[in-house]
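Side chains are part of it too, since the values below use all heavy atoms of this structure and drop only hydrogens, waters and symmetry mates. Remember, predicted model here, so these are calculated numbers, not experimental data.
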Amino acid sequence: MRHRYTTPNAASPHSGSAPLHLAATLELARPSLLSETTTRVITILVSGLSLALMLISLRPFAVRLTYDSASANSGDTLNQFGFLAAGCVCLLALLCLANRKVLASLITPGFALLGGILVLNLIRSPYPDAMLRALVFTMIGMLIAFTVVALPRSQTDFRTALTIGAGAALALSYFGLVAFPDLAKHGYDAYEPQHSGLWRGHFSHKNVAGPVMSVIAIFGLYLMRSGQRFSGFLMFAAAAVFVANTGSKTTAGLFPIAILIVLMAPLFGRVGMAIFAAVMAIIGVGVFTLGVLYSPGLAELVGDLLGDKTYTGRTTLWEFSLSMIPHKQWLGYGLYNFWQTPNVLGLDAPFEAAWDYRYIVHGHNNYLDMLLNLGIIGSAVLCWVLFVAPMFNYARARRRRANRTMADMFFMVIVFASLLSFIETFFLARNDAIWLMHIFAVFGLHLLARFDFDSQPLTGRQQRSAYPLPDISVSRAA
């Protein structure tokens, strides 16, 4: 007797077998303990409240004289214990309610190498206690971001959670403009007098408010494209108006570009066209930002277009960063171990520079700060995880018809973050809202490339049959 054993490729969107579903099974010791309705309500609430926490934090309207993205809330006891508690809740929810295959999908070479780089930096750090604390809160933020996309049982549930979280952040910022205008708008201060009157909402600075509100506008566009036209348009319009009033011309120009680039995929039916346009846009923005350091003509052109050829003094920081990278080019100075450390504070006062970069919290350029902190080796790994791998995942996710609109939304955030990275630094920045929105989109595309995200929640019978059993057939030899 001859046995023929075949296992269908459930992960393939083109195979005849049933695909892998993001939330196919309720992973409880006693599944009958909770009804499907109760499970859905719990996952929606945990997901929505987690997103709200990422966007709002536990100390909204916290005014700072200077923008501090990399160390935002790092010394805030309430935020530390609050995010620690939220991380525990999210971990428990993932272990109890998430599909084990979803959790196991995070074991990839890219994430493993990134973990190795972080461990190496911890070993090399001259301040291991401080770095360990920073890494713990960065990991908690990433855990919360993963929970938001991994828990919902369907796209309908995900959209509900998205509306709860993003809607709460949007409503709070507009409420602040009315109830606390002195906190929700920049006042006059000696450090940044040019920002007086600009909107920042419940965020610490307009440079945080503008990018985060741009991401919320992208969320609104996704809701519109998914059938929730009124609520989606309301979210998109309110967030776009807020971005315009932050006074950030660069941010206001970048997020429409990111949207138009990604919309090429559904418009022309070719995902490669959107990815190619994204790469060209990244190169173009790189030329128009870092390129002004080497081309006086290009600097004059930028000055004519934006009214400031120095990008609000950022060119001084970029020149200094580029001069310091060669000293430790392969492994860098260490994560969180360049700006505001003796590596910079110990230098002589730069009287000839427009800014005293010794007291700057970061270099206002993700890519340069990656090289300063992690060197060429670590930066290559981080760029793969944050920018390159999501492009491949986007191409895979768009092959699954049910995932396309959601994949477009996440890729818009990735493209926007990749362009914004030329003027801001937010990589591995603990519980910074911009960083959390970026890694949220990375995790979203990672899952959409591997699992189907159904429009409606699966019934109990559908959940049990979502993973096909091996096809075992028996034939008798002649």
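Sequence neighbours left out, the pairs with a member in residues 241-251 that pass side-chain hydrogen bond (donor to acceptor under 3.5 Å, both in side chains) are S248-T251. Among residue pairs with one or both ends in residues 165-178, those qualifying as side-chain hydrogen bond (donor to acceptor under 3.5 Å, both in side chains) are S173-H202; sequence neighbours excluded.
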Go through the steps for K309 and L301 under the test side chain to side chain contact (heavy atoms under 4.5 Å, CB included), then give the verdict.
CA-CA 8 Å; K309 62 183 179 181; L301 176 61; over 6 Å; no
Step by step, would you call F427 with N373 a side chain to side chain contact (heavy atoms under 4.5 Å, CB included)?
CA-CA 11 Å; F427 77 102; N373 283 266; 4.0 Å; yes
Does the pair M54 and V148 meet the rule for a side chain to side chain contact (heavy atoms under 4.5 Å, CB included), with working shown?
CA-CA 10 Å; M54 292 194 298; V148 175; 3.8 Å; yes
Run the ring pair (Phe, Tyr, Trp, His ring centres under 6.0 Å) test on F111 and H446 for me, step by step, so that the C-alpha distance in whole Å, both residues' side-chain angles and the decisive distance to 0.1 Å come before the verdict.
CA-CA 11 Å; F111 287 130; H446 171 85; 5.6 Å; yes
List the steps and the verdict of side chain to side chain contact (heavy atoms under 4.5 Å, CB included) for V385 and L113.
CA-CA 9 Å; V385 172; L113 284 174; over 6 Å; no
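The shortest distance between side-chain heavy atoms of Y367 and S418 falls below 4.5 Å. Side chains of F351 and D356 form no contact here, defined as non-hydrogen atoms less than 4.5 Å apart. Counting heavy atoms from C-beta on, the side chains of L374 and L331 never come closer than 4.5 Å. Side chains of T310 and V292 form no contact here, defined as non-hydrogen atoms less than 4.5 Å apart. At a threshold of 4.5 Å between non-hydrogen side-chain atoms, the residues R399 and R404 do not count as touching. Within the 4.5 Å cutoff, the side chain of M324 has heavy atoms near those of the Y333 side chain. With contacts defined as side-chain heavy-atom distances shorter than 4.5 Å, the pair H205/H195 qualifies. Annotation: side chain of L368 is in contact with side chain of L322 (closest heavy-atom distance under 4.5 Å).
A donor-acceptor contact under 3.5 angstrom links the side chains of W339 and D369, judged on distance only. Between the side chains of T138 and Y336, at least one donor-acceptor pair of N or O atoms lies under 3.5 Å. Residues N337 and R124 bring no donor and acceptor atom of their side chains to less than 3.5 Å of each other. Side chain to side chain, Y222 and Q155 meet the donor-acceptor criterion of an N or O pair below 3.5 Å.
No donor-acceptor pair closer than 3.5 Å links the side chain of N431 to the backbone N or O of S57. One N or O on the side chain of N365 and one on the backbone of F422 form a donor-acceptor pair closer than 3.5 Å. Judged by distance alone, with hydrogens and angles left aside, the side-chain atoms of S379 form a donor-acceptor pair with the main-chain N or O of G375 at under 3.5 Å. Y127 contributes no side-chain N or O that, together with a main-chain N or O of L132, makes up a donor-acceptor pair within less than 3.5 Å. With hydrogens and angles disregarded, a donor-acceptor distance shorter than 3.5 Å links the side chain of T163 to the backbone of R159. Between the S105 side chain and the V102 main chain, a donor and an acceptor come within less than 3.5 Å of each other. At distances below 3.5 Å, at least one donor-acceptor pair connects side-chain atoms of T160 with backbone N or O atoms of T156. Not a single donor-acceptor pair under 3.5 Å links the side chain of N343 to the backbone N or O of F338. Panel note: side chain N403, backbone R398; no donor-acceptor pair is recorded below 3.5 Å.
Salt bridge annotation for E319-R314: absent, with no cationic side-chain nitrogen under 4.0 angstrom from a carboxylate oxygen.
Between the SG atom of C90 and the CG atom of L151 there is a distance of 7.5 Å, given to the nearest 0.5 Å. Residue M142 holds its CE atom at 7.0 Å from CG of L428, rounded to the nearest 0.5 Å. Atom-to-atom distance recorded for L420:CG and N366:CG is 8.0 Å, nearest 0.5 angstrom. Of the inter-residue distances, the one linking I56 atom CD1 with L51 atom CG reads 9.0 Å to the nearest 0.5 angstrom. Atom CE in M224 sits 12.0 Å away from atom CZ in F230 (nearest 0.5 Å). Distance check: I439 CD1 to L143 CG gives 12.0 Å after rounding to the nearest 0.5 Å.
Scanning all heavy atoms of the two residues, the minimum distance from V208 to I434 falls at CA-CD1, 4.0 Å. The two atoms that bring L53 and A86 nearest to each other are CD2-CB, 3.4 Å, heavy atoms only. Looking at every heavy atom in both residues, S214 comes nearest to F416 through CB-CZ, 3.7 Å. The minimum heavy-atom distance between A240 and A217, with the atom names listed, is N-CB, 4.4 Å. Minimum heavy-atom separation, L371 to I325: CB-CD1, 3.8 Å. Across S226 and T405, no two heavy atoms sit closer than the pair OG-CG2, 3.7 Å.
Here the two rings, on F392 and W384, have centers that are under 6.0 Å apart. Ring centroids of F387 and H438 are separated by less than 6.0 Å, placing the two rings close together. Aromatic ring centres of F410 and F440: separated by under 6.0 Å.
Judged by the 6.0 Å and 45° rule, R200 forms no cation-pi pair with F61.
Listed by chain and residue number, D408 satisfy the salt bridge (Lys or Arg N to Asp or Glu O under 4.0 Å) test with R225 (two or more places apart in sequence, or in another chain).
Relative ring orientation between Y311 and W318 is described as tilted, the plane-to-plane angle lying within the 30° to 60° band.
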